Structures are given as structure tokens and as C-alpha cells.
Q: 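Here's a structure for you.
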Number of protein chains: 2
Amino acid sequence: MTSQNTKEDNINKLKKAGLKVTRSRCKILEIFQSSPDEHYTADKLKDMLADSGETIGLATIYRVLTQLEMADLIQKNNFDDNQSAYEIKKSHHDHLICTKCGNIIEFVNSDLENLQERISKEYNFSLESHVMTLFGNCNNENCKHLKNK
Amino acid sequence: MTSQNTKEDNINKLKKAGLKVTRSRCKILEIFQSSPDEHYTADKLKDMLADSGETIGLATIYRVLTQLEMADLIQKNNFDDNQSAYEIKKSHHDHLICTKCGNIIEFVNSDLENLQERISKEYNFSLESHVMTLFGNCNNENCKHLKNK
DNA sequence: TTCCTTGCAAACGTTTTGCATCGGT
DNA sequence: ACCGATGCAAAACGTTTGCAAGGAA
């Protein structure tokens, strides 16, 4: 296994960002890596940490999330809710969100990336980043549980 | 003038939505119509209303915004801030946002609309709506005022 | 030992709600 | 006259911050 996500790697990533290697930061990073497509709110993280026996204060979680975001290890999303959803940083990608069950699907589309560049040029705009989110119904069988949070 | 935005029209729109035609709702609608490309926070609306001699409580503004949104007369945007920005509902369009000065530019692009449909189909997804926001620098001369709010 | 990190509680800013009053219809 | 709409104040909510105690280097 030449996994990119060993504990060693995380230690290096944190050090590189000038952050001390603490239990909280490692545990949080590991959760993100355990399900790379999942989106986590601060609250959800707190619950998951609690479930695995780690009691970490919400304040710390918010602080860590901010730091990991600045270190470019995770990405913050402001979807339609009042809560921010974080996910591990990957190459450019966007989201489909089911308005019935809240399910989030990620996708990558290079045509989209190109189109964004074209549009930016049209407005003499220097593109830094983007967000694109499609809302609709996922048409899955198990789209019955309303808003899994 | 065969304007679509007479007071008569607004009265009809409100009635159609099952809302009483009150001073607050009319004034707020008029502000949105006076600058169709502008984006307003609840706070900003309160200030503008105050400037024109209308003192309307923030609670009412939020209630009206929610109702106008449900009536499909305005649209709510959750950009990167903590505040929601509302604008009058137009045909599909998206945003370029300057990360330096906060300036918001609207654009419409039919290629984008088509591409969204293609992507949705790919995931067996029934598209209802979308959000696309490009962040970058607007390269305007007057891009010096940091974050005009 | 140093300074960063954490927990707790309190503060914060935005949005929502309860309730009495007001105003369309 | 009825019932929805409003104002005010208080509550709720997610997030941030101050401070004292704890932990990595």
C-alpha cells in the first residue's frame, strides 16, 4: 500500500501548514479522509468524534476547520442551509443536491471548467475559484428519509 | 410605457400569492424593482427603507423576504458571507463576485444552462434549479474600496 | 520552558418567534 | 369584524472570542 493518507502524511501536512500535530487535528483530518465524498458540518463532526470516544469542544472544531481550510486541506461550502458544510479538498468538482433527501453527489466536468474560463474572460475577470450547485431530485429508491442531517 | 412594474402589477402579484397588499410589502418590492441587478441583505433594505422615510422592523423585513421568495418574486443567495443576499427573480442567471471589492456581476449563458442539463441527465437527476458563482478579481479601476457592504 | 492549543462560557451577528396591537379586506 | 400583518423584545441559531489551563515542541 502506497496510501497517501497514512498518519505520517497527515503529520507532514499539518507541520507544513505550521500547525502543531494535536490529537484533535489528526482525528478530524482522519474523519474527512475516511469518507472523501462526505460533507460534514461542525456539529456532525462533534457527534462523530463523540461516537468514537473523542470529546472535542465545538469551539475547537470550528478553529480546526478554519485552519485546515486555510491550509488548503479541506474546503468550505455554503449551500442553502444556515450551516457550512466542509469536505476534504480535491481537484475541482461541483455538487448535485437532492432537495428531497438532502443527498449530495459530487461530479467533475471539464467542459464546465472551460466554460467558466470563457465566461470570466468575457467580463475581464481573473477567475480564482467557483461554486456550482445543481438542485433537484436524485430519483433514488431510498430517497424517503427527509433531510438526513 | 407598457412597463411591467407598475404598482398595479405588484398588487396583482401579491394577491396572486395570497398575500395582503400592505405598505411594507409594496415598498420592499419597489426597492427590488428600482435596481434589478442589485443584491440586498435584510439590513441593507432596512437602511434604504429608513432613508426613504419608512421605518419597518427587521422582523417584518425577514418575514416579507421569506414570503416573496416563496411567491417566486425574489431569489435568495447564500454567497460566502454570513448574510443572505436577495435579488429580484429573473430568468436563469449566475454571478461573478470580486473577492477584492465585493462587486457582484450578473451574467446569463445558455451554454451553461445546456451543460447543466447534460450533467443532470448523466446522474439521473431531475434538475430544479442551480447556483453558479465565479470568484476572482474584477480588474476595475475603482476596485479599491474594500468590501462595499 | 515556551507558546500554541484547548475547553468553557460568554459574546456575537443574523434570523426567527411570541405576543399584543394594528390594518387590509 | 375577521384574520393576517406588524413591531417589539426576547429567543434561537451557528459561529467566534477571551481567558485560564493543558499539551506539543
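Just so we're on the same page: letters track the sequence lines, and every chain starts at 1. Since we're looking at a predicted model, the values are computed, not measured.
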Q: For the side chain of B:T60, starting at C-beta, report the closest nucleotide among D:dG7, C:dT14, D:dA5.
A: D:dG7
Q: Between B:N10 and B:Q33, is there a side-chain donor-acceptor contact under 3.5 Å, judged purely by atom types and distance?
A: yes
Q: Starting from P on D:dT17, measure out to CG on A:L58 and report it in whole angstrom.
A: 15 Å
Q: Hey, would you say the B:F79 and B:H95 ring centroids sit under 6.0 Å apart?
A: yes
Q: Can you check the B:L49 CG to D:dT6 C1' distance for me, whole Å?
A: 14 Å
Q: Just the rounded figure in Å: distance from C1' of C:dG23 to CG of B:L14.
A: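 Between C1' of C:dG23 and CG of B:L14: 15 Å.
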Q: Does a side-chain N or O from B:S24 land closer than 4.0 Å to OP1 or OP2 of D:dT6, or not?
A: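 Checking D:dT6 against B:S24, a side-chain N or O does come within under 4.0 Å of OP1 or OP2.
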Q: Quick check for you: among D:dA24, C:dT6, C:dG23, whose closest atom lies nearest to any side-chain atom of B:K20?
A: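 That would be C:dG23.
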Q: Are side-chain N/O atoms of B:N139 and A:S126 paired as donor and acceptor at under 3.5 Å?
A: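 The answer is yes; a qualifying pair exists.
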Q: So does B:G136 get a backbone contact from the side chain of B:T99, meaning a donor-acceptor N/O pair under 3.5 Å?
A: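 Looks like yes, one N/O pair under 3.5 Å.
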Q: With respect to the phosphate group of D:dT15, does any side-chain polar atom (N or O) of A:Y62 fall under 4.0 Å of OP1 or OP2?
A: yes
Q: Check whether the side chains of A:N109 and A:D94 place a donor and an acceptor atom closer than 3.5 Å, and report yes or no.
A: no
Q: Tell me the interatomic distance from B:I28, atom CD1, to D:dT6, atom C1', rounded to whole angstroms.
A: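 Going from B:I28 (CD1) to D:dT6 (C1'), I get 11 Å.
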Q: Does this structure show an ion pair linking A:D37 with A:K90, if we count only N-O contacts that are shorter than 4.0 Å?
A: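 A salt bridge links A:D37 with A:K90.
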Q: Output the rounded distance in Å from CG (B:D80) to P (D:dG14).
A: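 Between P of D:dG14 and CG of B:D80: 19 Å.
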Q: Using a cut-off of strictly less than 4.0 Å, decide whether B:T22 has a side-chain nitrogen or oxygen near OP1 or OP2 of D:dG4.
A: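 For D:dG4, OP1/OP2 do not have a side-chain N/O of B:T22 under 4.0 Å.
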Q: Please tell me which of B:K15 and B:T66 maps to the more 5' nucleotide of DNA chain C, matching each residue to the nucleotide holding its nearest heavy atom.
A: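 With B:K15 and B:T66 compared, the 5'-side residue is B:T66.
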Q: How many Å lie between CZ on B:R25 and P on C:dG23, as a whole number?
A: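 The answer, rounded to whole Å, is 14 Å.
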Q: More 5' along DNA chain D: B:N82 or B:R23, using each one's nearest nucleotide?
A: B:R23
Q: Counting just side-chain N and O atoms, does A:S84 come under 4.0 Å of either OP1 or OP2 of D:dT15?
A: yes
Q: Is a side-chain donor-acceptor pair under 3.5 Å present for B:Q116 with B:N114?
A: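 Short answer, no.
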Q: N/O contacts under 3.5 Å, protein versus nucleotides 18-21 of chain D?
A:
{"unit_1": "D:dG18", "atom_1": "O6", "unit_2": "A:R63", "atom_2": "NH1", "d": "3.3"}

Q: In terms of the nearest nucleotide of DNA chain C, which residue is placed more toward the 5' end: A:V64 or B:T41?
A: A:V64
Q: Return the 5'-most residue of the pair A:Y86, B:Q67 with respect to DNA chain D, ranking by each residue's nearest nucleotide.
A: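 It is B:Q67 whose nearest nucleotide is closer to the 5' end.
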Q: Rounded off to whole Å, could you give me the CD1-to-P distance for the A:I61 and D:dT16 pair?
A: 13 Å
Q: Whole angstrom is fine here: how far is it from NZ in A:K46 over to P in C:dT6?
A: 13 Å
